[in-house]
Amino acid sequence: MKLELDEYVHLESPLHRWDPRYKLAGLMALILAFSFVRDLRMLLPMVAATATVYLVSRLPLSFMLRRLRYPSIFVLAAVLILPFLAGQTIVLSIGPFDVRQEGLLAVLLIVTRFLCILTIGLILFGTTPFLTSIKAMRALGLPAILADMLLLSFRYLHEIGNDLQRMQTSMTLRGFHRHRLSPRGLRILAWLGGSILVRSYEQSEWVYKAMILRGYGHEPHPRDEFRACSRDVVALSVFLSTAVAFVAADVLWRYGPAALPW
Amino acid sequence: MHIPDGILPIPITAGGYAATAAATWYSVRKIEQQENPRRHVPKASLLTAAFFVVSWIHIPVPPTSVHLVLNGLLGALLGYFAFPAILIGLFFQAVMFQHGGLTTLGINAVIMGLPAIVAHYVFRMRRLGNHDSRTRTAVFGFFSGAVALGISVAMFVAILLGNLPADFDPAIERAAVYTLAVAHVPLIAIEGVITALLTTFLRRVQPELLDDV
């Protein structure tokens, strides 16, 4: 089983070199600002900003396109449902179906926001090794228990996933038809899930003993391994300013200058 | 059943993050009150990964197939670790498979995690009267799985339909709610059955798993 999250973390780009803590804060601020946008006139600047960051990251286009496969189901559902069901103003009739303006505009807003946020998220985790991202979250205040759980779950995810694949292959070779719904089939699938849980539980006992032998729970708090330089701070300022600019511009377009707090 | 990025307005996603922060803080506090809380971390972590993997098992529902949510089973087995475990699982799904999203991580954790805690208490009720039998494990296993998914579906539909940036005709909205609810009834039943089968399997093979964490 290959999750391919760290496929392009070895590339050289300003985003790859950016301190992971600052990158997390800067790109998350941009993501939140994008989710704030509701004015359609902000969509084009949003797409332009996303494309620029993606170009700077030097991630190949295929990386993003490959990862759009699952989310495209959602995009398709939005395109197929909203223009026909949401709103009052009919702009086009296709047979018995009316296409409504409000639904079309809602699709445009949702899909653009979705794709931009998704792309920035891919840049965030596609330009930093996943384990480094978790350490950066810990450095930014993630509770120790959550950070430990994240690291350990990620460490064993691949292994347990491979166990499942092996067991499913064995079941198929022994004549199990996984596409047929029957009480016996359900029981077998439940036992498959149960076996995975039991194996993981037993393995966790050994993992815990190994961790205790290595001093888990008694080690001094590890020092932060990140060192930021002025370039990281400047990059963070640029991203925070961009995020604030998006929010301010959206408020300005929607409610006029009186709505701004300054 | 994960809400993707881009749909919900910022007050809802921010509210989701606030509720998730509160629930995580409460769970971590409860965990830290246990004797030697770190002892359970490897167990909860490996089970989190295992739950994530088990949710990839596709259950045939002709003409298609569905995957399990398992938030009820998670609550039943992991107790207060269930909420952090769900949060981690959703984070992995958002980052690795682009299911759900980063801005909706909080609200999705609320939709999946709070029912898991309800399921934890439902499953604990099997011990009422100090009488724990295979049948009781199956019955309370079924209810913990079905109730958790039922609550999650109700929250999902309410949050999604109530916050789309477009107005539905009230009749269409009602029809959508009924359709979604009816479409999920077989899935709720399957989730309950699988949870019942899994809990009875674990009771026979590894009973301490039902009591330990």
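Of the two parts of T199(B), neither the backbone nor the side chain holds a non-hydrogen atom closer than 4.5 Å to a non-hydrogen atom of chain A. Looking at L70(B), there are no atoms closer than 4.5 Å to chain A (heavy atoms on both sides), in backbone or side chain. Proximity to chain A (any heavy atom under 4.5 Å) is restricted, for L8(B), to the backbone atoms N, CA, C and O. Neither the backbone nor the side chain of F34(A) comes within contact range of chain B, judged by heavy atoms closer than 4.5 Å. For chain B, the nearby part of L122(A) is the side chain; its heavy atoms alone come within less than 4.5 Å. Of the atoms belonging to I194(B), heavy atoms from both backbone and side chain fall under 4.5 Å from chain A. Only the side chain of F125(A) comes within contact range of chain B, judged by heavy atoms closer than 4.5 Å. Both the backbone and the side chain of S195(A) have a heavy atom closer than 4.5 Å to some heavy atom of chain B.
With contacts defined as side-chain heavy-atom distances shorter than 4.5 Å, the pair Y201(A)/E208(B) qualifies. Using a 4.5 Å heavy-atom threshold, the side chains of I57(B) and Q168(A) count as touching. Looking at T48(B) and M149(A), their side chains come closer than 4.5 Å, going by heavy atoms from C-beta outward. Using a 4.5 Å cut-off on side-chain heavy atoms (C-beta onward), M137(A) and F91(B) make contact. A 4.5 Å side-chain heavy-atom check between I145(A) and E32(B) finds at least one atom pair inside the cut-off. Contact of the F51(B) side chain with the I196(A) side chain is not registered, since no non-hydrogen atoms from C-beta on lie closer than 4.5 Å.
Annotation: the span from T103(B) atom OG1 to I120(A) atom CD1 amounts to 12.5 Å, rounded to 0.5 Å. Going from atom CG of L146(A) over to atom CG of L87(B) covers 6.5 Å, rounded to the nearest 0.5 Å. In this structure, Y208(A) OH and H40(B) NE2 are separated by 8.5 Å, a value rounded to the nearest 0.5 Å.
When all heavy atoms are compared, the tightest approach of F114(A) to P4(B) is CE1-CB, 3.7 Å. A pairwise comparison of heavy atoms in V53(B) and G161(A) identifies CG2-N, 3.7 Å as the closest pair. The shortest heavy-atom contact between S153(A) and F92(B) is CB-CE1, 3.7 Å. In this structure, H58(B) and L189(A) approach most closely via the heavy-atom pair O-CD1, 4.0 Å. When all heavy atoms of R67(A) and V95(B) are compared, the closest pair comes out as NH1-O, 4.1 Å. Nearest approach of L47(B) to L197(A), heavy atoms of both residues: CD2-O, 3.8 Å.
Most heavy-atom pairs under 4.5 Å with chain B: of the set R199(A), R100(A), E202(A), M28(A), this distinction falls to E202(A). With chain A as the partner, the residue from A94(B), P9(B), S45(B), S27(B) showing the most heavy-atom pairs under 4.5 Å is S45(B). Between chain A and the residues G100(B), A50(B), P60(B), G89(B), the most heavy-atom pairs under 4.5 angstrom are made by P60(B). Highest contact tally toward chain A, considering only D5(B), V54(B), T195(B), is held by D5(B) [criterion: heavy-atom pairs under 4.5 Å].
Within a 6.0 Å radius of CZ in F142(B), more than 12 heavy atoms belonging to other residues, nucleotides or ligands are found. Taking a 6.0 Å sphere around CZ of R134(B), one finds it holds 12 or fewer heavy atoms contributed by other residues, nucleotides or ligands.
For the side-chain hydrogen bond (donor to acceptor under 3.5 Å, both in side chains) test, residues two or more places apart in sequence or in another chain that qualify with R203(B) are T137(B).
Of residues 10-23 of chain B, those residues lying under 4.5 Å from chain A by any heavy-atom pair are I10(B).
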- Query: Could you go step by step and tell me if Q98(B) and L68(A) meet the side chain to side chain contact (heavy atoms under 4.5 Å, CB included) rule?
  - Reply: CA-CA 8 Å; Q98(B) 289 70 53; L68(A) 284 178; over 6 Å; no

- Task: Would you please test W191(A) and L198(B) for side chain to side chain contact (heavy atoms under 4.5 Å, CB included) and show each step?
- Result: CA-CA 7 Å; W191(A) 287 352; L198(B) 263 161; over 6 Å; no

- For side chain to side chain contact (heavy atoms under 4.5 Å, CB included), just list the numbers for K43(B) and V207(A), CA-CA rounded to whole Å, side-chain angles, deciding distance to a tenth of an Å, and then say yes or no. CA-CA 9 Å; K43(B) 208 170 292 173; V207(A) 170; over 6 Å; no

- Message: Could you go through R113(A) and I7(B), starting from their C-alpha distance and side-chain angles, then the distance that decides it, and tell me whether this counts as side chain to side chain contact (heavy atoms under 4.5 Å, CB included)?
- Response: CA-CA 8 Å; R113(A) 256 187 344 201; I7(B) 289 191; 5.6 Å; no

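A distance of 6.0 Å or more separates the ring centres of F52(B) and Y156(A).
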